[in-house]
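Worksheet: one structure, shown below.
Because only heavy atoms are used, hydrogens play no part in the values below, and waters and symmetry mates are left out as well, while side chains stay in. The model shown is predicted, which means the values in this text are computed figures rather than measured ones.
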Amino acid sequence: MPRISRKTFVAAPAETVWKLAGDFAEWHPKLRIYADGPEASPELVVTVVSRDDAEMTLSYHMPDPPFPIANHRATILVEADGDTTSYVTWEADFTADPAILQQLEDDLGDDVFKQALDRLATAAQDAHGKAQLSA
């Protein structure tokens, strides 16, 4: 089963990043969280499969992905790297035609995951900076 994964460094504590990671509206340009899970529009709906606040992981499934893939499941993991920095990993497993895997790597990995992780890192760093100023 193919896997696309991106990881980013965040200059903010893992707890700060985790608070934002669970609220897609704060950092993802398309996904939003609702009672039944995050969703963007009728064309892009995802369902939260599991959430573990202690382990700082969130897994979700996209039943109707906007890419030619099936059996989609993605996980976002926040890991502490000391007291004031962290890493975020976003992975997706799915099935797809092997002929389009490189295109999916570019489209999903770079155009979706990387850009959204950059936004998450910026939002977390901004939140951490504001907390430091008010302390």
Side-chain angles (χ1 to χ4, degrees):
M1 181 173 278
R3 171 177 286 170
I4 292 177
S5 181
R6 293 293 183 274
K7 185 173 187 174
T8 195
F9 172 80
V10 184
E15 295 77 20
T16 301
V17 178
W18 178 242
K19 286 178 190 173
L20 291 170
D23 185 358
F24 287 108
E26 291 293 321
W27 60 276
H28 195 287
K30 295 184 179 179
L31 298 179
R32 303 289 183 261
I33 290 202
Y34 294 93
D36 296 327
E39 65 180 36
S41 67
E43 305 87 47
L44 183 60
V45 174
V46 300
T47 303
V48 172
V49 176
S50 67
R51 179 184 176 118
D52 186 330
D53 290 325
E55 295 294 321
M56 293 189 271
T57 62
L58 173 72
S59 295
Y60 66 90
H61 166 68
M62 192 180 314
D64 261 335
F67 300 97
I69 62 176
N71 304 313
H72 172 273
R73 181 169 175 143
T75 301
I76 297 169
L77 166 66
V78 178
E79 298 173 285
D81 182 47
D83 293 336
T84 60
T85 58
S86 55
Y87 285 93
V88 180
T89 303
W90 192 356
E91 298 179 337
D93 294 312
F94 53 87
T95 54
D97 181 343
I100 65 165
L101 290 180
Q102 184 58 52
Q103 186 64 42
L104 287 170
E105 183 71 34
D106 295 341
D107 292 346
L108 187 57
D110 294 335
D111 294 344
V112 176
F113 286 10
K114 184 180 179 329
Q115 288 182 23
L117 284 173
D118 288 347
R119 287 180 64 145
L120 174 60
T122 299
Q125 291 163 185
D126 289 350
H128 179 60
K130 287 178 188 173
Q132 295 298 311
L133 289 174
S134 64

Results of side-chain hydrogen bond (donor to acceptor under 3.5 Å, both in side chains) for Glu105 - residues two or more places apart only | Arg6
Pairing residues for Thr122 by the side-chain hydrogen bond (donor to acceptor under 3.5 Å, both in side chains) criterion, not counting sequence neighbours = none
Can you tell me how far apart [atom1] ([X]) and [atom2] ([Y]) are? Round to the nearest 0.5 Å.
X	Y	atom1	atom2	value
Ser86	Met56	OG	CE	8.0 Å
Met1	Phe94	CE	CZ	9.0 Å
Leu77	Trp90	CG	CH2	13.5 Å
Ile100	Gln102	CD1	CD	11.5 Å
Leu117	Thr89	CG	OG1	8.5 Å
Lys114	Thr8	NZ	OG1	7.0 Å

Nearest heavy-atom neighbours spanning [X] and [Y]:
X	Y	value
Phe67	Leu108	CE1-CD1, 3.5 Å
Gly109	Phe113	O-CB, 3.3 Å
Leu104	Pro68	CD2-CD, 4.3 Å
Tyr60	Val48	CB-CA, 4.0 Å
Ala21	Ile76	CB-CG2, 4.5 Å
Trp18	Asp52	CZ2-O, 3.9 Å

Under the side-chain contact (heavy atoms from CB on, under 4.5 Å) rule, what do Ser50 and Thr57 come out as? Steps first, then yes or no, please.
-> CA-CA 8 Å; Ser50 67; Thr57 62; 5.5 Å; no
Linking Ile, Leu, Val, Met, Phe, Trp and Tyr through side-chain heavy atoms less than 4.5 Å apart, which residues share a cluster with Phe9?
-> Tyr87
Connected-component partners of Val49 among ILVMFWY, side-chain separation under 4.5 Å | none
Any side chain to side chain donor-acceptor pair (under 3.5 Å) pairs touching residues 125-135, not counting sequence neighbours?
-> none
Under the side-chain contact (heavy atoms from CB on, under 4.5 Å) criterion, do Leu20 and Leu120 qualify, and how do the steps go?
-> CA-CA 7 Å; Leu20 291 170; Leu120 174 60; 3.8 Å; yes
Check against side-chain contact (heavy atoms from CB on, under 4.5 Å), Thr85 and Val10 | CA-CA 6 Å; Thr85 58; Val10 184; over 6 Å; no
For His72, does its backbone N or O pair with a side-chain atom of His61 as donor and acceptor, under 3.5 Å?
-> yes
side-chain contact (heavy atoms from CB on, under 4.5 Å) between Ile69 and Thr95: does it pass, once the steps are laid out?
-> CA-CA 6 Å; Ile69 62 176; Thr95 54; over 6 Å; no
Is there any salt bridge (Lys or Arg N to Asp or Glu O under 4.0 Å) pair reaching into residues 82-95, and which pairs are they, with sequence neighbours excluded?
-> Arg3-Glu91, Arg3-Asp93
